[in-house]
2 protein chains.
Amino acid sequence: MPYAEDALQILKSRGYRITQPRRKVLELLERAETALSPYEIKDLLDSAGERVDTVSIYRILECLEDNHLIHRVLTSGKVHKCDLSNEDHCRLDQEDHCHHNLICRSCGAIEEVHCPGLSPLEANLGKQAGFTIETHHLEFSGLCRKCS
Amino acid sequence: MPYAEDALQILKSRGYRITQPRRKVLELLERAETALSPYEIKDLLDSAGERVDTVSIYRILECLEDNHLIHRVLTSGKVHKCDLSNEDHCRLDQEDHCHHNLICRSCGAIEEVHCPGLSPLEANLGKQAGFTIETHHLEFSGLCRKCS
DNA sequence: ATCATTGCAAACCGTTTGCAGCCTT
DNA sequence: AAGGCTGCAAACGGTTTGCAATGAT
């Protein structure tokens, strides 16, 4: 459950250090229901009195992304915490961790969807075009349960 | 077939003017097999002796995108010509023209895929999460026929 | 004590804005 | 002739880099 703590332990096990700025960013991401841009993270931390330098936020996000602890929303570039309840989810050896997002256009809430792989339909699209599909990126936009 | 000419006629019919810069950009896009960034377009035009100001390229691309004559690749932000052979493809009243891309990671070639709508699998994903899906963005990356 | 990590300053780069002048209609 | 469109200059804003200081191990 505690996303921030889990993420910090994973980082530690991989030789990274547990620092205050990293903890502050992770705890913010733990609270956030929506995806956030680096600047939004900066502002939210500022207004909470938790001062972290903008540059550090960029570097921390890069580190978290490298370690599959956050992912980026393609259509906005914002970042969102990964679901760490699935053991394999943040493994480093899988280049393409296959999950997708349901993004509410009204409240911005993000729900993570575990992908069961290419559907027959999708596989067929590639085959028709003589294309060998390696990875795919998929995002849904719509209304979440509360907003619809 | 002649993408640039078709696009110019569509623009004209919508009250836009046919100008040299627009023609130059469209003819470049017609030749391009891969998606291009604004700066790549600028450089390619320069080396062809066809000088168009960077700012104009931005404004022309914005116009073309507004009119559904080009589309943007989500994972790179680059633009690519739309397939205009389909009559409805660049209509203005359809907010979400549903097509997707097969992008070759080796040569960058882009193939456009006409989307038959949400697959049962996709529709089901949304339903499970209580999500009303309105639009979706899908990109495939892999190897095209030549590169595989 | 060591070295990863942070904070600050400044550079960087793609993009946007304002405005005068040009060119299509 | 009118006004949409372009080109130039300059501003803008998010991101990156270099380096000294800090702090986790």
Figure out the [atom1]/[atom2] separation between [X] and [N], and round it to whole Å.
X     : N      : atom1 : atom2 : answer
A:I41 : D:dG14 : CD1   : P     : 13 Å
B:K12 : C:dC23 : NZ    : C1'   : 15 Å
A:L61 : C:dT5  : CG    : P     : 15 Å
A:R14 : C:dA4  : CZ    : C1'   : 17 Å
A:I57 : D:dT17 : CD1   : P     : 18 Å
A:L11 : D:dA24 : CG    : P     : 15 Å
A:K42 : C:dT6  : NZ    : C1'   : 12 Å
B:E50 : D:dT6  : CD    : P     : 15 Å

When you measure from every atom of DNA chain D, which of residues 15-24 of chain B have a heavy atom less than 4.0 Å away?
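Residues of residues 15-24 of chain B that come under 4.0 Å of DNA chain D are, in numerical order, B:Y16, B:R17, B:T19, B:P21, B:R22.
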
Report all interatomic pairs (protein N or O, nucleotide N or O of nucleotides 11-13 of chain D) with separations under 3.5 Å.
none

Would you please say whether a donor-acceptor pair under 3.5 Å links the side chains of A:S141 and B:E134?
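There is no such pair between these side chains.
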
Under a 3.5 Å cutoff, is there a donor and acceptor pairing between the side chains of A:N67 and A:Y16?
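Yes, because at least one side-chain N or O of A:N67 sits under 3.5 Å from a partner of the opposite role on A:Y16.
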
Listed partners of [X] passing side chain to side chain contact (heavy atoms under 4.5 Å, CB included), at least two apart:
X     : result
B:Q9  : B:E5, B:K12, B:I18
A:E50 : A:K24, A:R31, A:L45, A:A48
B:K78 : B:A35, B:S37, B:E40, B:S76

B:K81 with B:E30: basic N within carboxylate O range, under 4.0 Å:
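Here B:K81 does not pair with B:E30 in a salt bridge, since their nearest N and O are not under 4.0 Å apart.
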
Connecting only ILVMFWY residues whose side-chain heavy atoms lie within less than 4.5 Å of each other, what is the rest of A:V73's hydrophobic cluster?
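A:I103, A:I110, all in the cluster of A:V73.
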
Does B:R51 contact D:dG7 through a side-chain donor or acceptor facing the base, at a distance under 3.5 Å?
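Answer no: no donor N or O sits under 3.5 Å from an acceptor.
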
Under 4.5 Å between any side-chain heavy atoms of A:I10 and A:L84, yes or no?
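SC-SC contact between A:I10 and A:L84 confirmed.
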
Using a 4.5 Å cut-off on heavy atoms from C-beta on, say whether the side chain of B:V52 contacts that of B:D46.
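With C-beta onward as the side chain, the pair stays apart.
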
Of the options C:dT6, D:dG7, C:dG7, whose atoms approach the side-chain atoms of B:D53 most closely?
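The answer is D:dG7.
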
